[in-house]
Amino acid sequence: KAKAASGNGGKVRKPSRLLERFAESMPAGGIALDYGFGIGTDMAWMRRQGFRVEGIDGVGEFVRQAQQCCPDSPVIHGRFESIRLPQGRYDGIWCNAALIHVPPEVLPPQLEKLRSALKASGILGMTLAWGSRQGFTRRDWIPGRYLAGYTRQEVARFFRGWNVKELKVVSRDGRKGRWIQVLAVP
């Protein structure tokens with residue numbers, strides 16, 4: 001099932017504008033965590049920019065693909081709920097369309113985990129699905145996955161207490177559909 005994501009034939013994908021802005025917010029050579037890295041294309045791009053990158057994903061096939069495209073980057077196969085992150089380690093955490101797979105009640109504890117893993121000056125770059133749909137997919141490229149959509153106002157509430165640099169709804173920035181993009185510091 002996960003192999004469907006690898007259909008780019010090994011081509012280097014252009015990064016989203018949000019990923020570029022995220023990278024611009026990090027110190028040169030900084031440590032980044034790609035939290036839910038998929039097949040590793042964003043990890044590989046960050047490595048090419050000179051960042052030290054680590055990754056976590058819950059899909060075994062994605063882990064294998066990321067290990068091939070980023071052999072020098074540590075990657076962990078595990079579920080978000082069970083992974084423990086080191087406190088204050090990361091200059092940036094990139095979470096692109098990853099936490100759309102957790103129910104809304106799980107999102108606040110995940111955000112707190114990510115906040116504690118960031119350095120005081122660290123940056124979180126995140127995309128969440130825009131909309132009101134929540135539940136398990138039937139006609140998706142990986143059927144049976146949980147997907148949750150949010151409104152801009154809901155996401156703003158999740159980020160109370162953060163210094164939010166950017167929070168907007170966009171279309172066509174690296175993904176099909178409408179997405180909520182966030183750049184925030186602890």
Side-chain angles (χ1 to χ4, degrees), residues 2 5-6 8-102 107 109-128 158-159 161-167 170 173-175 179-186:
S6 64
N8 70 353
K11 296 178 188 170
V12 175
R13 183 183 71 161
K14 183 178 189 248
S16 69
R17 292 181 299 277
L18 181 67
L19 178 55
E20 289 174 332
R21 291 190 303 275
F22 168 79
E24 290 166 4
S25 300
M26 286 187 42
I31 302 173
L33 173 65
D34 194 339
Y35 198 66
F37 55 73
I39 60 172
T41 53
D42 290 346
M43 277 182 68
W45 183 86
M46 286 187 276
R47 289 276 299 155
R48 288 192 303 277
Q49 306 314 300
F51 298 112
R52 293 172 286 157
V53 185
E54 301 172 8
I56 296 170
D57 202 281
V59 178
E61 180 61 27
F62 289 170
V63 171
R64 285 185 285 286
Q65 290 180 39
Q67 287 169 330
Q68 289 176 355
C69 77
C70 304
D72 297 330
S73 294
V75 294
I76 296 171
H77 180 209
R79 296 186 53 82
F80 296 140
E81 301 84 16
S82 60
I83 294 289
R84 299 183 84 191
L85 299 176
Q87 290 197 347
R89 175 168 173 77
Y90 300 104
D91 295 296
I93 297 176
W94 179 244
C95 188
N96 187 26
L99 290 177
I100 64 173
H101 302 297
V102 301
L107 190 55
Q110 285 295 312
L111 289 175
E112 284 307 309
K113 181 194 305 193
L114 298 178
R115 180 200 297 254
S116 70
L118 283 167
K119 293 178 179 176
S121 60
I123 183 108
L124 173 65
M126 173 179 278
T127 59
L128 293 166
F158 288 132
F159 278 90
W162 289 73
N163 181 359
V164 177
K165 303 291 186 186
E166 195 174 303
L167 174 69
V170 301
D173 184 17
R175 293 185 166 276
W179 296 87
I180 299 174
Q181 294 183 336
V182 181
L183 286 175
V185 297

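The shown structure was predicted, so the numbers you read here are calculated from the model rather than taken from an experiment. Only this structure's heavy atoms are used, side chains among them; waters, hydrogens and symmetry mates stay out.
For P71, there are no side-chain contact (heavy atoms from CB on, under 4.5 Å) partners at least two apart in sequence or on another chain. With sequence neighbours left out, the side-chain contact (heavy atoms from CB on, under 4.5 Å) criterion links R52 to I31. The side chain to side chain donor-acceptor pair (under 3.5 Å) check on E81 picks up R79, with sequence neighbours excluded. With sequence neighbours left out, Y35 forms a ring pair (Phe, Tyr, Trp, His ring centres under 6.0 Å) with F80. Annotation: side chain to side chain donor-acceptor pair (under 3.5 Å) contacts of E112 (sequence neighbours excluded): R115. Residues meeting the ring pair (Phe, Tyr, Trp, His ring centres under 6.0 Å) test with F22, sequence neighbours left out: W94. Partners of E20 according to the side-chain contact (heavy atoms from CB on, under 4.5 Å) rule, which considers only residues two or more places apart in sequence or in another chain, are P15, R17, W45. By the salt bridge (charged side-chain N to carboxylate O under 4.0 Å, His left out) test, K119 is found to be paired with D91, residues two or more places apart in sequence or in another chain being considered. Checked against side-chain contact (heavy atoms from CB on, under 4.5 Å), V75 has the following partners two or more places apart in sequence or in another chain: F37, M43, V63, A66, Q67. Residues passing the side chain to side chain donor-acceptor pair (under 3.5 Å) test with S73, sequence neighbours excluded: R47. For E166, the side chain to side chain donor-acceptor pair (under 3.5 Å) test picks out R21, with sequence neighbours left out.
The list of salt bridge (Lys or Arg N to Asp or Glu O under 4.0 Å) pairs with a residue in residues 22-39, not counting sequence neighbours, is empty.
Looking only at side-chain heavy atoms (C-beta outward), W162 and L124 come within less than 4.5 Å of each other.
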Report task. Verify side-chain contact (heavy atoms from CB on, under 4.5 Å) between M26 and Q49, making sure each step is shown before the conclusion. Result -> CA-CA 11 Å; M26 286 187 42; Q49 306 314 300; over 6 Å; no
Report task. Carefully, step by step, assess I180 and L167 under the rule side-chain contact (heavy atoms from CB on, under 4.5 Å). Result -> CA-CA 7 Å; I180 299 174; L167 174 69; 3.7 Å; yes
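The main-chain N or O of A97 is found under 3.5 Å from a side-chain atom of T127 such that the two form a donor-acceptor pair.
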